[in-house]
Amino acid sequence: LSCVVGSCLTALFQGLPLCPQLCGVALLAVGIWVSVDGTSFMKIFGPLSSSAMQFVNVGYFLIAAGAVLLTLGFLGCYGAQTENKCALIMFFFILLVIFIAEVAAAVVALVYTTVAENFLTLMVVPTIKKEYGSQKDFTQVWNSTMEGLKCCGFTNYTDFEDSPYVKQNNVFPPYCCFDRNNGTFVEPCTSVEAQNQKVEGCFNQLLYDIRTNAVTVGGVAAGIGGLELAAMIVSMYLYCNLK
């Protein structure tokens with residue numbers, strides 16, 4: 001019976017690492033594409049990708065993430081097929097570190113939301129006051145975000161006070177005067193109108209959307225965590241039963 005169970009677990013384990021391998025290949029492909037032909041990437045995905053690439057080298061990040069996943073999948077498959085204890089234990093510990101990091105990130109996101117908001121406010125709001133209306137890509141990113149989430153600024157309309165946009169136009173961005181009852185923008189978007197409409201900041205709106213779709217988000221997270229736990233359990237079983 002133990003031989004049958006071991007054979008079944010080996011077959012199962014050989015299939016589990018294919019997921020990170022496929023994800024790794026996909027990330028590597030996109031990362032190489034972005035690094036080699038970033039112009040085409042920006043044209044397809046618009047101003048959001050252009051602005052993001054100014055702050056983070058997306059291509060190299062994707063290549064690194066893809067390489068890690070590809071290595072992880074290779075270790076799992078190689079360890080299961082050749083019954084190599086070293087590869088199995090390396091696979092287990094790498095996956096364990098990733099799993100712990102994911103749990104820690106989830107706990108921090110849940111427990112320290114207010115701390116994260118205050119920290120981001122200190123970073124984002126001064127940038128909005130300095131760049132919005134003068135830096136084209138930055139302005140386009142915020143316009144796309146506010147239009148998509150139906151929000152205004154990071155906290156509220158006051159984030160745009162003293163910004164180049166307000167100084168030049170003497171009004172706030174139209175997204176700060178969105179009337180949810182009528183589904184229209186109140187123009188001109190003066191400080192009085194923005195205060196009356198009380199449009200939520202994008203951070204709070206994003207949290208609201210996440211909580212609204214908590215079942216879907218939680219289900220995806222649970223599924224990923226379940227696969228990781230299953231892979232760790234099976235790898236440790238095989239490691240302990242190999243001679």
Side-chain angles (χ1 to χ4, degrees), residues 30-31 33-35 37-62 65 105 108-109 112-214 216-217:
V30 175
W33 172 33
V34 173
S35 300
D37 192 15
T39 305
S40 298
F41 180 83
M42 288 185 282
K43 286 180 180 178
I44 293 176
F45 291 95
L48 181 60
S49 61
S50 175
S51 181
M53 288 180 70
Q54 293 180 6
F55 300 100
V56 180
N57 197 321
V58 179
Y60 289 121
F61 174 78
L62 292 176
V108 170
Y112 297 103
T113 301
T114 303
V115 176
E117 180 179 6
N118 293 335
F119 176 74
L120 290 172
T121 300
L122 293 174
M123 293 180 59
V124 176
V125 174
T127 307
I128 293 176
K129 292 182 181 294
K130 180 182 178 181
E131 303 285 351
Y132 188 84
S134 62
Q135 216 285 338
K136 183 179 178 181
D137 290 335
F138 182 84
T139 304
Q140 287 179 328
V141 169
W142 269 102
N143 287 341
S144 299
T145 302
M146 292 188 291
E147 182 179 7
L149 294 178
K150 299 295 184 295
C151 58
C152 170
F154 185 79
T155 52
N156 53 41
Y157 75 96
T158 60
D159 296 344
F160 296 101
E161 291 178 345
D162 299 324
S163 67
Y165 181 90
V166 173
K167 289 179 180 179
Q168 293 171 9
N169 300 285
N170 294 317
V171 291
F172 289 86
Y175 312 101
C176 297
C177 294
F178 181 73
D179 189 340
R180 289 185 176 274
N181 295 325
N182 299 326
T184 57
F185 295 100
V186 179
E187 295 183 355
C189 187
T190 62
S191 59
V192 175
E193 286 295 340
Q195 187 175 10
N196 290 336
Q197 297 303 326
K198 297 179 180 178
V199 179
E200 285 281 351
C202 293
F203 184 82
N204 289 332
Q205 187 62 42
L206 181 61
L207 289 179
Y208 174 79
D209 289 346
I210 291 174
R211 288 164 183 162
T212 302
N213 299 284
T216 303
V217 174

What heavy-atom pair brings T139 and S134 nearest, and what distance separates the two atoms?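 So the minimum-distance heavy-atom pair works out to OG1-N, 4.2 Å.
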Identify the heavy atoms of Q205 and C151 that sit nearest to each other, and give their distance.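 Taking every non-hydrogen atom into account, CB-CB, 4.0 Å.
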Do F160 and Y165 have ring centres separated by under 6.0 Å?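 Distance test on ring centres: not under 6.0 Å, no.
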Hey, could you give me the [atom1]/[atom2] distance between [X] and [Y], rounded to the nearest 0.5 Å?
X    : Y    : atom1 : atom2 : result
S163 : Q168 : OG    : CD    : 8.5 Å
K167 : K129 : NZ    : NZ    : 10.0 Å
C177 : F185 : SG    : CZ    : 9.5 Å
E200 : K198 : CD    : NZ    : 10.5 Å
K136 : N143 : NZ    : CG    : 12.0 Å

Find out whether [X] and [Y] are in side-chain contact, i.e. whether some heavy atom of one side chain is under 4.5 Å from a heavy atom of the other.
X    : Y    : answer
F154 : T145 : no
P173 : Y132 : yes
F138 : I128 : yes
V124 : W142 : yes
M146 : C202 : yes

By the side chain to side chain donor-acceptor pair (under 3.5 Å) test, which pairs, at least two apart or in different chains, include something from residues 148-162?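 Counting only pairs at least two positions apart or across chains, the side chain to side chain donor-acceptor pair (under 3.5 Å) contacts touching residues 148-162 are T155-D159, N156-T158.
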Between C189 and C176, is the SG gap short of 2.5 Å?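 No, no disulfide: SG-SG not under 2.5 Å.
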With side chain to side chain contact (heavy atoms under 4.5 Å, CB included) as the test, would you mind laying out the steps for Y175 and E147 before giving the verdict? CA-CA 7 Å; Y175 312 101; E147 182 179 7; 3.7 Å; yes
